[in-house]
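Only heavy atoms go into these numbers, but all of them, side chains included; no hydrogens, no water, no symmetry mates. Counting convention: from 1, in listed order, for ligands and their atoms alike. Small disclaimer: the values here were computed from a predicted structure and weren't measured.
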Amino acid sequence: MANEGKRGAILVLSGPSGAGKSTIIHAASREIGEYYFSISTTTRPPREGEVHGREYFFVSKEEFEEDIKAGNFLEYAKVHGNYYGTSLKPVREALKEGKLVIFDIDVQGHRLVRAKMNDITTSAFITPPTLHELEKRLRERSTDAEEVIARRIENAKEEIRAVGEYDFTIINDTIEEAAEEFVIVAKAARLKQSEEDEARFIACWLGEG
Ligand code: ADP
Ligand code: 5GP
C-alpha cells in the first residue's frame, strides 16, 4: 500500500577506478531485483572488450560539448582528463517506471546528483581495503597503460577523502562479501521515500487519500 504509485529511487556508486564497482554489480545483479543501470557517455577511448552502448556511449569531445549545450546531461564531470556524463532522458524514464536507477559516477557527479535529487538518492563508496591493493588490482586488470594507472592512483588519493559524504562504505575485500553488502544497500535504496511519497503515504494512512 505504501508503495502504491511509488517513484523510482537512485543508488549512486562511487569509488576509485579499479575498486570493483562493475564486478560487484555483476555479482549481485540477480539478487537486487529489477534495476536500470545508467550507461554514461564518455570521451575516453574504449578499453579492449568494451562495447559502445554497453559499458559507455563513446563519443568525441565535440559531440559531448554539443550535448552539454543542449542541456542533455543530468550531471557531467571531467575525470582523469576525459568527460563523463549521465544523460537525463533515460534516467527520467526509468524513474517514472518506478525502477531503481544505479549510477557508477565519480565524487563530483555524486555531489551534483545530491544537489538535484537528494530526496530519492542513496549512495555507497566502494573501495579495496588499501591503496596498495587498489594498485595491485589495476595492474592485474591490465586494461590501462602505466601512465593511465599512475593517474588513476593519484586521483584515488583525493577521491578517498570524500568517503564521508556517502551513506555507506563497502570495502571490497572478497567479492562475495562485498556483493552481499551491496544487496543490502540496494534494498535500503529502494525503501527510501521521497517527500512527495511521504506526504501521499501520510494522507492515505489518515484516510484522506
Ligand atoms: P571498477 O568497475 O570499479 O573500475 P572492476 O570491477 O573493473 O573495477 O575491478 C577492477 C579489477 O579488480 C578487475 O580486474 C576485477 O576482476 C578485480 N577485482 C574486483 N574485485 C576484486 C576482489 N574482491 N578481489 C580481487 N580482485 C578483484
Ligand atoms: P573508467 O574510465 O574507469 O570507466 O571511469 C573513471 C571514473 O569516471 C570512475 O570514477 C567512474 O565512476 C566515473 N564515471 C563514469 N561515468 C560517469 C558519469 O557519467 N559521470 C561522472 N561524474 N563520473 C562518471
Side-chain angles (χ1 to χ4, degrees), residues 10-29 36-59 64 67-68 72-91 101-117 121 123-145 147-163 165-166 170-182:
I10 290 175
L11 174 54
V12 173
L13 301 179
S14 302
S17 181
K21 299 180 291 295
S22 321
T23 308
I24 290 168
I25 296 171
H26 185 73
S29 65
Y36 171 77
F37 179 76
S38 165
I39 300 167
S40 298
T41 301
T42 184
T43 59
R44 94 149 153 73
R47 294 188 188 120
E48 210 180 303
E50 285 185 331
V51 176
H52 180 78
R54 190 178 68 192
E55 282 80 11
Y56 284 103
F57 295 105
F58 297 98
V59 300
F64 199 100
D67 273 347
I68 296 175
N72 289 342
F73 290 118
L74 166 64
E75 65 74 35
Y76 70 91
K78 246 190 184 168
V79 190
H80 316 131
N82 288 303
Y83 279 123
Y84 291 81
T86 306
S87 295
L88 191 51
K89 201 166 157 237
V91 170
V101 182
I102 301 180
F103 293 163
D104 172 349
I105 58 177
D106 83 323
V107 299
Q108 307 169 73
H110 172 238
R111 285 178 195 137
L112 293 166
V113 171
R114 283 268 173 216
K116 289 189 181 167
M117 295 172 143
T121 300
S123 62
F125 192 91
I126 299 183
T127 175
T130 60
L131 180 66
H132 181 74
E133 183 63 28
L134 172 69
E135 209 167 338
K136 191 167 149 250
R137 288 184 195 170
L138 277 175
R139 294 232 153 74
E140 280 168 5
R141 184 166 72 177
S142 49
T143 50
D144 300 302
E147 74 176 68
V148 175
I149 292 180
R151 180 138 34 128
R152 284 167 193 269
I153 295 293
E154 281 314 303
N155 240 58
K157 289 182 190 168
E158 283 308 310
E159 283 171 313
I160 194 69
R161 298 186 194 283
V163 66
E165 297 173 26
Y166 289 75
I170 297 177
I171 308 287
N172 179 15
D173 191 352
T174 71
I175 294 168
E176 294 71 25
E177 275 176 296
E180 243 172 64
E181 289 183 4
F182 176 68

Considering only distance and modelled atom types, tabulate donor-acceptor pairs under 3.5 Å from the side chains of residues 12-25, sequence neighbours left out.
from: Ser14; atom 1: OG; to: Ile105; atom 2: O; distance (Å): 2.7
from: Ser14; atom 1: OG; to: Tyr166; atom 2: OH; distance (Å): 2.7
from: Ser17; atom 1: OG; to: Arg141; atom 2: NH2; distance (Å): 3.4
from: Ser17; atom 1: OG; to: Arg152; atom 2: NH1; distance (Å): 2.5
from: Lys21; atom 1: NZ; to: Gly15; atom 2: O; distance (Å): 2.8
from: Lys21; atom 1: NZ; to: Pro16; atom 2: O; distance (Å): 3.0

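- Taking the six-membered ring where the residue is Trp, Tyr83 and Phe64 present parallel rings, their angle staying beneath 30° rather than reaching 60°.
- Using a cut-off of 4.0 Å between Lys/Arg side-chain N and Asp/Glu carboxylate O, Glu50 and Arg54 are scored as not salt-bridged.
- At a threshold of 4.0 Å, the pair Glu154-Lys157 counts as salt-bridged, since one of the basic side-chain nitrogens sits closer than that to a carboxylate oxygen.
- For ligand 2 and Val79, the ligand atoms under 4.0 Å from any heavy atom of the residue are 7 (C), 8 (O).
- Residue Phe103 places every heavy atom at 4.0 Å or more from ligand 2.
- For His26, there are no side chain to side chain contact (heavy atoms under 4.5 Å, CB included) partners at least two apart in sequence or on another chain.
- Near Gly109, meaning under 4.0 Å from any of its heavy atoms, are these atoms of ligand 2: 22 (N).
- Ranked by closest heavy atom to atom 22 (N) of ligand 2, the top entry among Thr41, Asp106, Asp104 is Asp106.
- Near ligand 1, heavy-atom contacts under 4.0 Å come from Pro16, Ser17, Gly18, Ala19, Gly20, Lys21, Ser22, Thr23, Arg137, Arg141, Asn172, Asp173, Thr174, Ile175.
- Partners of Lys78 under the salt bridge (Lys or Arg N to Asp or Glu O under 4.0 Å) rule, at least two apart in sequence or in another chain, do not exist in this structure.
- Atom 9 (C) of ligand 2 is not flagged as protein-proximal [any protein heavy atom, distance under 4.0 Å].
- Under a 4.0 Å heavy-atom criterion, Ser14 is not in contact with ligand 2.
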